[in-house]
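What follows is a short report on a single structure.
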Amino acid sequence: TDLEVTHWWTSGGEAAAVAEFAKAFDATGNHWVDGAIAGSGDTARPIMISRITGGDPMGATQFNHGRQAEELVKAGLMRDLTDLANKEHWKDVIRPASLLTECTVDGKVYCIPVNIHSWQWLWLSSKAFADAGVPVPKNWNEFVAAAPALEKAGKVPLAVGQQAWQTSGAFQVLMVAIGGPDIYKKVYGDKDAKVAGGPEVAKVFKAADDARKMSAKSKVQDWNQATNLVITGQAGGQIMGDWAQGEFQLAGQVAGKDYNCLPGLGVNAVIQTGGDSFYFPVLKDPEKSKAQEVLASTMLSPKTQVAFNLKKGSLPVRGDVDLNAANDCMKKGLDILAKGNTIPDTNQLMTEDSLTQVNDLFAEFFATPTMTPEDAQKRFADIVAKAD
Amino acid sequence: MTEQTARRPSRLFRNLNAKIASIPMILNALVIFLGGTIWTIVYSFTDSRLLPRLNFVGFDQYTRLWVTPRWLVAVENLAIYGACMLVFSLIIGFLLAALLDQKIRFEDTFRTIFLYPFALSFIVTGLVWQWMLNPNFGVQHVVRELGWTNFAFDPLYDSSIVIYGILIAALWQGTGLVMCLMLAGLRGIDEDIWKAARVDGIPTWKTYLFIIIPMMRPVLITTLVIIAASIVKVYDLVVAQTSGGPGISSEVPAKYVYEYMFHAQNLGQGFAASTMMLLSVIIVIVPWAYLEFGRRK
Amino acid sequence: MGTSVSIQDLSLSFGAVTVLQTLNLDVADGEFIVLLGPSGCGKSTLLNCIAGLLDVSQGRIFIKGKNVTWEEPKDRGIGMVFQSYALYPQMTVEKNLSFGLRVAGTPREEIAKRIARAAEILQIEPLLQRKPAALSGGQRQRVAIGRALVRDVDVFLFDEPLSNLDAKLRAELRVEIKLLHRKLQNTMIYVTHDQIEAMTLADRIAVMKGGVIQQLDAPQTIYNRPVNRFVAGFLGSPAMNFLDGQLNGVSSPVFKTGNVSVPLDRYAFEGNGGSRVGPCVFGIRPEHIAFGDAANTMPFATDAEVEIVEPMGSDTLVWTKLGGHNFSFRVEAEKTLRNGDPIRIGFDPARASLFETQSGNRM
Amino acid sequence: MGTSVSIQDLSLSFGAVTVLQTLNLDVADGEFIVLLGPSGCGKSTLLNCIAGLLDVSQGRIFIKGKNVTWEEPKDRGIGMVFQSYALYPQMTVEKNLSFGLRVAGTPREEIAKRIARAAEILQIEPLLQRKPAALSGGQRQRVAIGRALVRDVDVFLFDEPLSNLDAKLRAELRVEIKLLHRKLQNTMIYVTHDQIEAMTLADRIAVMKGGVIQQLDAPQTIYNRPVNRFVAGFLGSPAMNFLDGQLNGVSSPVFKTGNVSVPLDRYAFEGNGGSRVGPCVFGIRPEHIAFGDAANTMPFATDAEVEIVEPMGSDTLVWTKLGGHNFSFRVEAEKTLRNGDPIRIGFDPARASLFETQSGNRM
Amino acid sequence: MSVANTTAGLPRDIAGPYGPKPRRIFSRRNIFLYGTLFVVAAYYLLPLYVMVVTSLKGMPEIRLGNIFSPPLEITFEPWVKAWSTACTGLNCDGLSRGFWNSVRITVPSVFLSIAIASVNGYALANWRFKGADFFFTILIVGAFIPYQVMIYPIVIVLREIGLYGSIWGLVLVHSIFGMPILTLLFRNYFSSMPEELFRAARVDGAGFWGIYFRIMLPMSLPIFVVAVILQVTGIWNDFLFGVIYTKPDTYPMTVQLNNIVNSVQGVKEYNVNMAATLITGLVPLIVYFVSGKLFVRGIAAGAVKG
Ligand SMILES: Nc1ncnc2c1ncn2[C@@H]1O[C@H](COP(=O)(O)OP(=O)(O)OP(=O)(O)O)[C@@H](O)[C@H]1O
Ligand SMILES: Nc1ncnc2c1ncn2[C@@H]1O[C@H](COP(=O)(O)OP(=O)(O)OP(=O)(O)O)[C@@H](O)[C@H]1O
Ligand SMILES: [Mg+2]
Ligand SMILES: [Mg+2]
């Protein structure tokens, strides 16, 4: 049966990963109809949502872990997967358990998580630092200290793409790294405006100010273009989620040698449990409904999980898979995951509405050198206060 | 003469075919335009998020709207863009039309050259100009290679002037049509007026300024309205060229609406913003429409 | 009186189309010349050449003895009035009148003085603050004339200035223009295709056809002694009657058509007369035909039968047949004739015109 | 002869503007009625109402005794000819003629027959395969008439059919239409603002002004006995002379203006005459004025001085002053008069028209 | 003074100017006029030139050279890639699929929208009925409503009538949004046709449709050309509706273009992007270059009379 799957995985590494899903699904005798929408989730989600509300749903669709599809579920547009979950004991295999909780509404399971993505990585180019004649830093502070040398060598110290989600992502990474997981949870989780306006977070804004200065010369739009600057040694580093790893791999680079990674910016080694889930809209055609179940279990099967996540650079949602093939960076991530040093993703804590406002704030902050960290912090606190 | 009972037929059935033929228009006007608008306005008073729901919250969405920096930037940008676009496209369009009206050779060729960008989509225009204005490849790079190494022209990466970068592309695409309309207007002016002005010894530029332009009022108004409508709608161009960046410095209202409705999953906010846009459109359009179509009756 | 406008060997072509062909025209100082001709004959083109609005292809134009062939219109000392008025619609009448002067940098008082004078002559003082849209057709035309007047020019050019007006207004303004000319004594060149205008206004009429001046003469001469059949047929309403026939007899010429023979002893042939035998066209105007008893006093008289009676108010036009041709004549409105009535008609061949069939030239 | 078209209490408004006001008009079978009036008086509007192209606001329209007020145009038995010809530009003449018949589903042979007949009557056989763009103005007009002709209708409506043509062609087609009417004997309603057309074609003329029929009568009656000043002034070219003045004396009425007194004993007052004292306007046509010796034979004669002479070809119009008013009269073209010549003029008051100054009605 | 001895008697050579006024080709006016025109034309042509040039270069050359230099080595690979192998996600068939989708969307949309709008404009111009102006005014004001306002209500409408996601849904959307301006154009055009023609046809007994098809249609070529050009370019270039109201296997070309341009694989392949951009713009450009003259004429006939 043909099943159309929409997603926004269109960069090189992502597309290779998706191909693994498609291959596995096609192997079950069904057919994966690819519905890639380029851009980012921001471009793709509206299209997916309007298709679902417009009564022409696809077979399955990607969303981020979290609250993005909440209302669609409540409106009864998404398929209940509880039976399948029970049959395949998802509760036991999915790790961390919070991921499945995210998919559960009123005790019913509506989605399957397929990977864990974390934001808390600083990717560093060995070549750039070699060119500048400084050692590869071990943490954020060293990185900041090395920046002048990089600049002198004609490099951009920190590569940041212009899209809003990248800057606000970098900020929350800094928050976890500099402020620590507790502050992060208070601000994003509890929406504690007092903390958001407090001295701890002020330090984070100071760091963000540093990042802003270091990235002033990186004039690229897309995150993978920024990553490409790191790969080619034009930039010193990039704060970006683990999906960047896919780009490094695709470029044939070796972790630890050509590039280095610092989870939690080398300061606080925790990772978020963000990532992607697949939802299955309610379909009329029973054939397709059956295919949806096949797809769901295929995506979650250990073999596909390994194949997919290796390509994607993300971590599998199953604790029981063998990841010997994983590279250095991935192993670091797995370690942290095994230790349970996880925090939820912002998507899981805040609504898209609030996140958009945060995004807007940081987009503005990074693009406006005249905006002081204090101003930005005040506005940030306001947004947190109103968030739900 | 016999008195026959030829009674006035029912009003409804007179002109029946015309009414049937107008059904698409009536449906469109009532259901889509009027209905959709009212629907949007009603829901702008709710706290709808991903899906519309009738949970009224009064003017909350509006108060929030008018304190959101992004909206304020968007409105400011639209004001700058709108004013410049109106002024420059009218001026440039008129100048081009006036040049073409001088009985020149190759008029068709020039006209086609000025008009062809109009055939392209905003997406294409945006991409091309993003590329032209890219500091690493485009104009800045080229000029620097020629020796002026300090030359700086990167409007798309400078938040204070990014909106002018967008304006350049918009003018490139839009002036052709304005020129076309103006040319039609110029050609519609009585040849004798020109002769009279020449006999009176009035220089060409004065003739244009004091006689011809005032006479072109109807065309100017039509053109103005067409430009104004496209200004309010500007969206694709910004998306293709800058995605609103750097930061939020090239945001426009239409983009705000779109993103709040779909990305931020806050329909209420999006509807509130679009109602504000509608309001501005209505302020501009209704007096004109009244003058144009109401007066005719 | 000197020559005011002199046109020498003027030719003009638009691309391959030649509109004017080696045209010569001399207009005396203070003369009122009317250019008359059918649509498309080149009247406006000629006027535009004089005004300098069109570049000539060949030839020269002198105004007041100065060669202005290459001058700008404003330097030629001409004023022009257009059929469509061509008023500047957004300016008041006063602005319309003064715009040219202001552009030329004429002093304020001078402008005021000239406008006052023009307004007085044309009696448009109360209209000075109005815009053209608020004027009637006649008033607009007056303002258009005023615009030429304030420029204090030697030559006035009029391009069908009255043809957009209704008949009554046309008649009124015609008289006004005549009076204006008498008062100003300027040279005026006036284009029209209305022959009443041409006849009443002109000192001399130039009848044009196909870019060539067919005849240039005083109105009565043109009316009574047209040089060719075209001129004869073009002037006169109701139109001249034309009878196709043969000219016979050298010593005493006779025109024959059908069963009718008209002796032409009294007819004044052109030049030496040449060969007075061959096909020709005999033309006579409806008002030169006598009817009833009066017919018998004419050198030529015959019997006929009424075919159609067209009462035209002031007169009545009666149609009959002569030698097989339609033939009309004018009678007083009081005469009551009916279709089929037998009548007697006659005329004096001295008042007729005779044309060669081939060339159309007057014999 | 029955009534062909009968219009009863017809009113028509466009929004707030009332164009026709409770208008009544009866047209006899085979009659030729001309609607005459200034521009904008509602002539076309009335014609369109008769044709069913405009919905009336009030009143009824009967054609051939049938109430057609709410019928479709095609069902009224009318044919219409428009000023701009309104030929279908993309169809050949033949297609143009047959369009209505084809729409109605008339059999082929019948169509061919009717076209042949119409083409013969109008002499447009050689043109049948041409498109309108390839026709001259007169030919187009003939085709337009043909289109009405083939439809075999009772009533022909003409809306200024000749006003786009030049003077000569207009005169020719005028005669053709007259002959056509004589041949077909249809009812014809003809709109024009050309009074020569009106006078020559009409059985009766309806002079309209502001949506109201001012006078409906035979052409000569309208010309000689206009019911009000408007009608008097509207008809006649050169226009009637009007003298503002006073009417004095009950037993023997005298008209006084300036230093001139005209005895009105011979004038036929309307009705019982009513009060014959008060301000009034005296009108007399230029052609009813005698001049020179003839003037002395007239009941009224006076001395005057020539002011302007307007030779019009066939006649000459002379302007003078009478009681301080401009006064024109017509003389033969041969008379040579000059400005300032003293002359004697006279007329017969029986031929004059007298109007109340206030109402403008004939007295 | 007789005419002969003033001027005519003078010999030609001393009588001054004769014949046409000499006009230098390089007069200041001409230099200014054509100079301006050429400069402006260069500004208008530059982007097109850059697009073409870039699309014919290889990536290394792009990174090194400047955008205005002509390609040292002409390669058509970017074109081939853009047309047939560029990837979005797993679909690596470039623009080719989008092209046919665009054709399938554009043809019926153009046809339907023009058919509806021309009949409507005709009804408005010649068969006015009470209230027509009211609806028309709404329609015209509607033309200025930002599309974003309408997106959601239309999703609902399409869902209700079951056309969401199908090509016909999109065709309907294009017809809806094309209607105001087209109706205005047609209304103005038909109003400018002589009313007497319409009356003559009515007297001849033709009805609403008869007059439309047999009299009006054959006479309205210029305005149909304008409408077709406007619609072809508008619909072909549409992105917003194409992306929202269709699904991936019916995506029009612009969406495909956006996908290709935004699916960055490492570095941006500018040459492929430019080639893709050019291919996408080709259809409307050809339409323009072929019928631009008619367009200008039609605009003059239909648009200027407000
Ligand atoms: N710009 C032009 N290009 C080509 N031919 C022209 C141009 N202007 C006029 N003509 C032609 O020149 C001829 C004379 O035109 P002109 O306007 O002088 O006629 P006219 O005598 O004024 O006629 P009317 O009485 O209709 O005004 C016409 O045949 C016309 O078609
Ligand atoms: N559709 C309309 N709406 C409003 N007023 C109209 C309309 N048609 C005509 N009128 C008005 O009705 C009056 C009569 O018009 P109509 O066309 O009947 O005049 P007419 O006598 O035929 O004039 P003309 O001799 O110029 O053809 C005019 O004042 C005109 O302005
Ligand atoms: Mg002319
Ligand atoms: Mg009329």
Side-chain angles (χ1 to χ4, degrees), chain B residues 15 17-19 21-22 24-26 28-29 32-34 36 39-40 96 99 102 104 108 110-117 119-121 123-124 127-128 132 137-138 141-142 145 180-181 184-185 187-188 218-219 221-222 229 232-233 236 254 257-258 274 277-278 281 285-286 289 292-293 297, chain E residues 33 36-37 40-41 44-45 47 50-51 66-68 116 119-120 123 127 129 132-133 135-150 152-153 176 179 183 207-209 233 237 239-240 254 257-258 261 270 273 277 280-281 284-285 288-289 292-293 296 299-300 303-304 306:
Chain B
N15 237 338
N17 269 319
K19 286 173 185 166
S22 301
M25 177 186 79
I26 294 171
N28 195 355
I32 306 292
F33 289 140
L34 205 58
W39 189 90
T40 298
L96 290 182
L99 285 178
Q102 304 300 312
I104 55 157
D108 284 350
F110 280 116
R111 202 179 45 213
T112 311
I113 289 174
F114 300 152
L115 192 57
Y116 88 90
L120 299 174
S121 71
I123 297 284
V124 170
L127 288 174
V128 176
M132 297 273 297
F137 299 100
H141 175 74
V142 171
E145 280 202 337
C180 213
L181 291 166
R187 296 274 152 90
V219 185
I221 289 176
T222 308
V232 179
K233 282 186 196 161
D236 316 30
V257 170
Y258 185 76
S274 49
M277 290 178 72
L278 250 178
V281 166
I285 297 303
V286 164
E292 277 292 301
F293 304 107
K297 274 179 226 165
Chain E
L33 196 63
T36 316
L37 282 174
V40 178
Y44 278 91
L45 283 176
V50 167
M51 273 196 277
N66 81 42
I67 51 171
F68 301 117
I116 292 176
V119 173
N120 255 325
W127 296 83
F129 55 90
D133 280 343
F135 297 118
F136 183 61
T137 309
I138 295 181
L139 198 70
I140 292 302
V141 173
F144 301 114
I145 298 174
Y147 295 143
Q148 281 81 2
V149 177
M150 291 293 148
Y152 218 100
I176 285 172
M179 208 153 138
T183 308
F208 184 88
W209 297 108
T233 55
N237 287 335
F239 172 74
L240 192 64
T254 37
L257 169 71
N258 187 54
V261 171
Y270 286 106
N273 291 353
T277 310
T280 311
L285 276 181
Y288 257 74
F289 285 130
K293 219 171 171 176
V296 177
I299 283 273
V304 175

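Chain letters run A, B, ... following the sequence lines, proteins first and then strands; every chain starts at 1.
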_From OH (Tyr288(E)) to CG (Leu120(B)), nearest 0.5 Å_ =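 Answer for the OH-CG pair, Tyr288(E) versus Leu120(B), is 9.5 Å.
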
_Nearest-0.5 Å distance that lies between atom CZ in Phe136(E) and atom OG in Ser22(B)_ =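 The CZ atom of Phe136(E) sits 11.0 Å away from the OG atom of Ser22(B).
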
Which one wins on heavy-atom pair count under 4.5 Å against chain B: [options]?
{"options": "Leu33(E), Val119(E), Thr254(E), Thr280(E)", "answer": "Leu33(E)"}
{"options": "Leu45(E), Thr277(E), Leu240(E), Leu257(E)", "answer": "Leu45(E)"}
{"options": "Pro153(E), Gly207(E), Gly281(E)", "answer": "Pro153(E)"}
{"options": "Thr233(E), Thr183(E), Ile138(E)", "answer": "Ile138(E)"}

*Please state whether the side chain, the backbone, both or neither of Leu139(E) comes within less than 4.5 Å of a heavy atom of chain B.*
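Both backbone and side chain of Leu139(E) come within 4.5 Å of chain B.
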
*Which class fits the ring pair Tyr44(E) and Phe114(B): parallel under 30°, tilted 30 to 60°, perpendicular over 60°?*
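Tyr44(E) and Phe114(B): tilted rings.
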
Interchain contact, [X] with chain E, by part (heavy-atom threshold 4.5 Å):
{"X": "Phe110(B)", "result": "side chain"}
{"X": "Ile123(B)", "result": "side chain"}
{"X": "Thr40(B)", "result": "side chain"}
{"X": "Arg187(B)", "result": "neither"}
{"X": "Pro117(B)", "result": "side chain"}
{"X": "Val124(B)", "result": "both"}

*For each of Leu34(B), Thr112(B), Ile32(B), tally heavy-atom pairs with chain E at distances under 4.5 Å, and name the one with the top tally.*
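Greatest number of close heavy-atom pairs with chain E: Ile32(B).
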
*Pick from Asp236(B), Leu278(B), Val128(B), Val257(B): which one has the most heavy-atom pairs with chain E under 4.5 Å?*
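Of Asp236(B), Leu278(B), Val128(B), Val257(B), Val128(B) has the most heavy-atom pairs under 4.5 Å with chain E.
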
Determine the minimum heavy-atom distance between [X] and [Y], stating which atoms define it.
{"X": "Asn120(E)", "Y": "Pro24(B)", "result": "ND2-CB, 4.2 Å"}
{"X": "Ala18(B)", "Y": "Trp127(E)", "result": "CB-CB, 3.5 Å"}
{"X": "Phe33(B)", "Y": "Ile176(E)", "result": "CZ-O, 4.0 Å"}

*asked:* The test is side-chain contact (heavy atoms from CB on, under 4.5 Å); show your working for Leu127(B) and Asn273(E) and say whether it passes.
replied: CA-CA 9 Å; Leu127(B) 288 174; Asn273(E) 291 353; over 6 Å; no

